[in-house]
Amino acid sequence: MQKRILIIHGPNLNLVGIREKEIYGEISLQKINKIIRDYAKKNNVLVKIFQENCEGKIVDIISSHIGKVNFLIINPGALTHYSYVLRDCIKGCGIPTIEVHLSNIKKREPFRKKSVIKDVCIAQIYGLGINSYLRAIDLCLRK
Ligand code: DQA
């Protein structure tokens, strides 16, 4: 059966292509989403993509997809490092979740090394730019 994947870009990812280009690259979120959609189509998976800056709205999006998707791929932006709200949601919703990051969070400021959601996710992929999302899709395909 065709797999369904919910993809969420968290706070400030709308600014990719403008913000800190030396870290996140020059490519816009719109282009990132096109690459993701093309890859999903090629691999026969359905993707539904959101970008949301508000923590509570992210929780609403995730909970409204319970039973409707097979996987969640989320780049939670800075929420990664402190949001127990997001952690509880991921744990509680039961959707197998992959945490992704464009940058290498292990090689930046110390506060970025910690993810409060990592251990409620099935995998954490970081530092590969757009390929972090594509490798996450690959992982969903293998599961
Ligand atoms: C990010 C890394 C986070 O630390 C940061 O707050 C972001 C983007 C990444 O994709 O590399 O907003 O999640």
Side-chain angles (χ1 to χ4, degrees), residues 1-108 112-143:
M1 211 183 59
Q2 196 177 35
K3 287 183 174 156
R4 295 167 172 265
I5 308 174
L6 172 64
I7 298 183
I8 302 178
H9 307 287
N12 296 312
L13 286 152
N14 54 317
L15 298 178
V16 166
I18 299 167
R19 76 187 277 217
E20 301 171 277
K21 291 184 188 170
E22 63 294 351
I23 295 172
Y24 299 114
E26 308 239 330
I27 172 168
S28 67
L29 189 64
Q30 213 186 351
K31 286 192 184 136
I32 288 178
N33 286 342
K34 165 130 180 48
I35 294 168
I36 292 172
R37 286 204 175 90
D38 288 349
Y39 192 75
K41 201 170 169 191
K42 203 173 94 186
N43 287 285
N44 192 33
V45 282
L46 277 176
V47 289
K48 206 167 161 189
I49 308 179
F50 293 84
Q51 190 280 321
E52 182 52 62
N53 290 322
C54 302
E55 185 183 54
K57 288 193 181 158
I58 292 175
V59 166
D60 287 342
I61 294 168
I62 297 172
S63 37
S64 68
H65 284 83
I66 294 173
K68 296 185 180 151
V69 292
N70 305 101
F71 296 96
L72 165 63
I73 294 173
I74 185 163
N75 181 346
L79 294 174
T80 307
H81 314 300
Y82 67 89
S83 178
Y84 296 108
V85 170
L86 181 61
R87 179 192 164 90
D88 283 351
C89 178
I90 291 171
K91 192 170 184 187
C93 76
I95 303 171
T97 298
I98 302 171
E99 173 190 342
V100 300
H101 301 280
L102 294 164
S103 68
N104 185 345
I105 53 170
K106 304 290 180 196
K107 292 207 168 146
R108 298 182 60 196
R112 292 188 206 275
K113 290 192 173 72
K114 177 153 180 71
S115 164
V116 300
I117 68 160
K118 183 180 177 218
D119 64 320
V120 294
C121 292
I122 59 170
Q124 184 195 47
I125 302 174
Y126 55 85
L128 306 176
I130 169 71
N131 286 321
S132 295
Y133 292 89
L134 305 186
R135 294 300 73 78
I137 292 175
D138 290 343
L139 189 59
C140 298
L141 286 167
R142 288 201 298 274
K143 290 265 173 194

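Just so it is clear, the values below take in all heavy atoms, side chains as well, and ignore hydrogens, waters and symmetry mates.
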Exercise for the section: Using the side-chain contact (heavy atoms from CB on, under 4.5 Å) rule, pick out the option among Lys114, Lys113, Arg112 that qualifies with Ile105. Expected result: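 Testing Ile105 for a side-chain contact (heavy atoms from CB on, under 4.5 Å) against Lys114, Lys113, Arg112 leaves exactly one candidate, Arg112.
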Exercise for the section: State which residue, out of Ile74, Ile49, Asn14, fulfils the side-chain contact (heavy atoms from CB on, under 4.5 Å) condition with His9. Expected result: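 Running side-chain contact (heavy atoms from CB on, under 4.5 Å) over Ile74, Ile49, Asn14 with His9 returns exactly one hit, Ile49.
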[atom1]/[X] to [atom2]/[Y] distance, rounded to the nearest 0.5 angstrom?
X: Ser103; Y: Arg108; atom1: OG; atom2: CZ; value: 4.0 Å
X: Leu72; Y: Ile95; atom1: CG; atom2: CD1; value: 6.0 Å
X: Leu79; Y: Ile117; atom1: CG; atom2: CD1; value: 9.0 Å
X: Ile62; Y: Cys93; atom1: CD1; atom2: SG; value: 6.0 Å
X: Leu141; Y: Tyr39; atom1: CG; atom2: OH; value: 7.0 Å
X: Ile32; Y: Ile130; atom1: CD1; atom2: CD1; value: 5.0 Å

Problem - Qualifying salt bridge (Lys or Arg N to Asp or Glu O under 4.0 Å) pairs with a residue from residues 44-57, counting only residues at least two apart or across chains - result: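 Passing the test, one end in residues 44-57: no pairs.
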Check the surroundings of atom [atom1] in [X]: do more than 12 heavy atoms from other residues, nucleotides or ligands lie under 6.0 Å from it?
X: Lys106; atom1: NZ; result: yes
X: Arg135; atom1: CZ; result: yes
X: Gln30; atom1: CD; result: no
X: Lys91; atom1: NZ; result: no

Closest approach of [X] and [Y], non-hydrogen atoms and distance?
X: Gln51; Y: Gly10; value: NE2-O, 3.0 Å
X: Arg19; Y: Pro11; value: NH1-O, 4.4 Å
X: Val116; Y: Tyr82; value: CG2-C, 3.8 Å
X: Leu139; Y: Ala123; value: CD2-CB, 3.4 Å
X: Val69; Y: Ile5; value: CG1-C, 4.4 Å
X: Val100; Y: Ala136; value: CG1-CB, 3.7 Å

Would you mind reporting whether [Y] and [X] have side-chain heavy atoms less than 4.5 Å apart?
X: Asp88; Y: Val59; answer: no
X: Pro96; Y: Lys143; answer: no
X: Leu102; Y: Leu13; answer: yes

Exercise for the section: Determine yes or no for a side-chain-to-main-chain donor-acceptor pair under 3.5 angstrom, with Ser83 supplying the side chain and Thr80 the backbone. Expected result: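 It does not hold such a pair.
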Handout entry: Donor-acceptor contact present, side-chain Asn12 to main-chain Asn53, <3.5 Å
Key =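 No, because the side chain of Asn12 does not come within donor-acceptor range (under 3.5 Å) of the backbone of Asn53.
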Practice task
Determine, for Phe71 and Lys3, whether the Lys NZ or Arg CZ falls below 6.0 Å from the six-membered ring centre while staying within 45 degrees of the axis.
Solution key: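 No.
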Exercise for the section: Run the salt-bridge test on Lys42 and Asp38 with the 4.0 Å N-O cut-off and return the result as yes or no. Expected result: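 No.
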Problem - Test side chain to side chain contact (heavy atoms under 4.5 Å, CB included) applied to Ile73 and Val47, step by step - result: CA-CA 10 Å; Ile73 294 173; Val47 289; over 6 Å; no
Exercise for the section: Quick one: sort the His101 and His81 rings into parallel, tilted or perpendicular, breaks at 30° and 60°. Expected result: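 Rings of His101 and His81: parallel, under 30°.
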Problem - Between Asn33 and Tyr133, a side-chain donor and acceptor under 3.5 Å - result: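 No pair is found: no donor N or O on one side chain lies under 3.5 Å from an acceptor on the other.
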Handout entry: Pair Cys140-Ile98, side chain to side chain contact (heavy atoms under 4.5 Å, CB included): steps then yes or no
Key = CA-CA 9 Å; Cys140 298; Ile98 302 171; 3.7 Å; yes
